Asks: 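Handing you this structure, nothing more for now.
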Amino acid sequence: MTEQAIVASGLGKTFNSRSDSAVTALTDVDLSVEPGEFVSLIGPSGCGKSTMLRLIGDLIVPSEGTVEVFGKPAAQARADRDYGMAFQKAGLFDWRKVSANIELPLELAGWSKSRRRERSAEMLDLVKLPDFGDHYPWQLSGGMQQRVAIARALSFQPKLLLMDEPFGALDEMTREHMQVELLSIYRQLRSTVVFVTHSIPEAAFLSDRVVVLSPRPGRIHSIIDVVLGDRETETRDEDTRESEGFFRKTTEIREALRSVEAQQ
Amino acid sequence: MRSRLEPLWPPIVVGVIIMSLWEGLVRLLKVREFLLPKPTSIASALGDEWTPLRTAGWETGKTAVAGLLFGVVAGALLALVVSRFSWLRGSVTPLAVALNATPIIALAPIFNAWFGITDFRSNAAVVIIVVFFPVFINTGTGLSEVESNQIELMRSLAASENTVLRKVRIPNALPFFLTSLRLAAPLSVIAAIVAEYFGGPQNRLGPFITQNASFSRYANAWAAIVVASAIGLALFAFSAVVEKISMPWKQGDPARA
Ligand SMILES: Nc1ncnc2c1ncn2[C@@H]1O[C@H](COP(=O)(O)OP(=O)(O)O)[C@@H](O)[C@H]1O
Ligand SMILES: [Mg+2]
């Protein structure tokens with residue numbers, strides 16, 4: 001058996017557990033993610049998607065259960081800088097130029113200045129912003145800022161990419177564009193991705209598997225395999241969105257979400 | 001170049017209009033000099049008294065600048081310490097708030113007792129305390145109000161608290177700090193002069209104003225006020241320039257200009 005990228009067992013999180021405002025955000029989650037897999041978490045708002053992502057990233061500590069990442073505890077994976085993260089807000093630092101923003105993780109990892117420059121230039125090419133290294137973030141549109149945030153998350157080639165609705169604030173056209181670009185980058189770098197979204201087509205388009213969560217308390221409702229053709233050779237592009245297989249998968253996800261809502 | 005000069009002429013025009021109205025109304029209504037001297041009387045008092053005024057302005061200016069420097073450094077340093085060691089927040093911040101709620105000028109006689117009634121340090125101490133508070137509070141806000149995602153990003157990269165302070169909190173606090181400096185600079189001149197009313201060396205603007213007023217030489221008192229506002233304006237302009245040059249990333253940003 002190959003080593004799993006993520007193994008969550010009996011994972012749960014209760015906030016403010018010692019007061020009467022206790023919220024059980026997540027409970028009883030078992031999930032394994034294989035290296036190289038693209039997994040989306042989808043579900044109604046407040047069902048614990050962000051909580052699950054933060055547990056995997058060791059930004060919060062589980063109340064129950066464990067998370068292992070590449071065979072080690074999540075805290076160790078974080079210390080080893082195995083994680084790249086991106087959020088709905090690009091969260092670029094105003095006072096850093098675009099290239100310096102991309103280089104921040106490299107700086108923290110102690111790379112030399114010339115190596116950092118080289119890498120940030122490569123990353124700028126990868127996210128199709130080759131001429132923007134010397135700009136400040138405010139000079140970029142929302143979509144461009146989000147691309148920089150992704151370049152920053154990927155600059156040090158982390159083994160695991162954790163993304164929390166990274167395209168949530170973008171308009172539909174930009175969003176579809178970014179999805180295609182993300183897939184192409186992901187294929188080039190062969191990373192593993194956990195991607196939070198509440199968009200059904202986004203989950204279907206990007207993922208190998210879609211994890212549908214149900215709320216109060218958050219738990220896994222179902223897991224939908226999204227294979228649009230032969231797993232090894234399939235390509236996804238703008239035409240995929242109009243294909244029969246894509247339509248069937250979005251319908252399947254939509255029905256799962258409906259039954260989640262019917263439970264409430 | 002034009003764009004640099006443009007913001008200068010409207011206040012000059014308005015100033016000239018106000019001065020002319022002032023002069024005209026005082027002459028027309030025959031307002032007596034002790035109530036409101038004419039701008040021309042103030043100008044000639046400024047000329048006649050230039051030597052003592054220059055000394056007084058220079059000395060008061062030194063008190064204000066010294067107090068400003070110490071107060072700003074103390075405020076910023078304490079904000080840093082409180083931000084880094086969050087267990088201090090609960091104890092230090094309420095104390096600082098209580099200090100600010102104290103009418104600080106009430107402390108002036110006490111500082112006179114501490115440092116001596118003719119010692120300039122008793123005036124500078126008032127300035128330090130007046131300046132300290134806005135710097136401490138504003139800088140503290142800037143250090144703590146960082147987007148939570150940005151902190152999470154740093155933590156996901158295994159950055160230590162010290163690294164977060166250096167690479168995120170301090171640059172984030174810089175605009176807040178500089179705003180407080182712009183507030184504190186003119187405040188330091190006000191504080192210095194009010195403190196001088198209560199004691200300290202005599203060759204200062206505060207005593208100059210009270211003495212001339214008590215001999216009904218109001219034009220002289222007004223001339224000293226003109227000197228004081230010139231000092232305040234100069235300090236304000238200086239801090240505004242510091243603000244501009246220390247944040248190159250804000251150059252041309254329409255949202256923050
Ligand atoms: N730090 C926190 N303290 C208390 N409650 C929280 C905290 N973070 C999240 N929650 C609660 O946990 C639940 C799940 O939140 P979240 O994981 O953000 O949901 P989602 O990302 O799916 O919208 C919500 O009810 C939310 O209010
Ligand atoms: Mg969320």
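All values below were derived from every heavy atom in this structure, side-chain atoms included, with hydrogens, water molecules and symmetry-related copies excluded. Proteins come first, then strands; the chains are lettered A, B, ... in the order of their sequence lines, and each starts at number 1. Predicted model only: the values in this text are computed from it and were never measured.
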Asks: So which bits of residues 56-80 of chain B come within less than 4.5 Å of chain A, counting non-hydrogen atoms only?
Replies: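 Residues in range: none.
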Asks: Could you look at A:L59 and say if it's the side chain, the backbone, both or neither that has a heavy atom under 4.5 Å from chain B?
Replies: both
Asks: Which atoms of B:S156 are under 4.5 Å from chain A, going by heavy atoms: the side chain, the backbone, both sets, or neither?
Replies: both
Asks: Heavy-atom cut-off 4.5 Å, strictly under: side chain, backbone, both or neither for B:P248 against chain A?
Replies: both
Asks: Is it the side chain or the backbone of A:F93 that comes within 4.5 Å of chain B heavy atoms, both, or neither?
Replies: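 Backbone plus side chain of A:F93, per the 4.5 Å heavy-atom cut-off to chain B.
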Asks: side-chain hydrogen bond (donor to acceptor under 3.5 Å, both in side chains): which pairs involve residues 235-245 of chain B, sequence neighbours left out?
Replies: B:R182-B:E243
Asks: Give a yes or no on this: more than 12 heavy atoms of other residues, nucleotides or ligands lie within 6.0 Å of atom NZ of A:K128.
Replies: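 No.
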Asks: So which part of B:V146 gets closer than 4.5 Å to some heavy atom of chain A, the side chain, the backbone, both or neither?
Replies: neither
Asks: Measure up the A:Y186 and A:F38 rings against each other and bin them: parallel (under 30°), tilted (30 to 60°), perpendicular (over 60°).
Replies: perpendicular
Asks: Could you go through the salt bridge (Lys or Arg N to Asp or Glu O under 4.0 Å) check for A:E202 and A:R175 one step at a time?
Replies: CA-CA 9 Å; A:E202 183 165 87; A:R175 192 172 177 143; 3.1 Å; yes
Asks: Establish, for the pair A:K13 and A:F15, whether the NZ or CZ atom is under 6.0 angstrom from the six-membered ring centre and no further than 45 degrees off its axis.
Replies: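 Relative to the ring axis of A:F15, which defines the angle, A:K13 lies inside both limits.
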Asks: Quick check against the 3.5 Å criterion: does A:R81 have a side-chain atom that pairs as donor or acceptor with the backbone of B:L157?
Replies: yes
Asks: Run through A:L161, A:D164, A:L162 and flag the one making a side chain to side chain contact (heavy atoms under 4.5 Å, CB included) with A:M85.
Replies: A:L162
Asks: Would you mind checking which part of A:L92 comes under 4.5 Å of any heavy atom in chain B, side chain (CB onward), backbone (N, CA, C, O), both or neither?
Replies: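 For A:L92, the backbone is the part near chain B, not the side chain.
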Asks: Using the ring pair (Phe, Tyr, Trp, His ring centres under 6.0 Å) criterion, which residues pair with A:F132? Sequence neighbours excluded.
Replies: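 Partners of A:F132 by the ring pair (Phe, Tyr, Trp, His ring centres under 6.0 Å) criterion, ordered by chain and then number, come out as A:H135.
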Asks: Taking side chain as everything from C-beta outward and backbone as N, CA, C, O, which of these in A:E107 sits under 4.5 Å from a heavy atom of chain B? Side chain, backbone, both or neither.
Replies: side chain
Asks: Can you pull out every side-chain hydrogen bond (donor to acceptor under 3.5 Å, both in side chains) where at least one residue sits in residues 129-147 of chain B? Sequence neighbours excluded, please.
Replies: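 Those involving residues 129-147 of chain B do not exist here.
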Asks: Between B:N172, B:T163, B:L174, which shows the greatest number of heavy-atom pairs under 4.5 Å with chain A?
Replies: B:N172
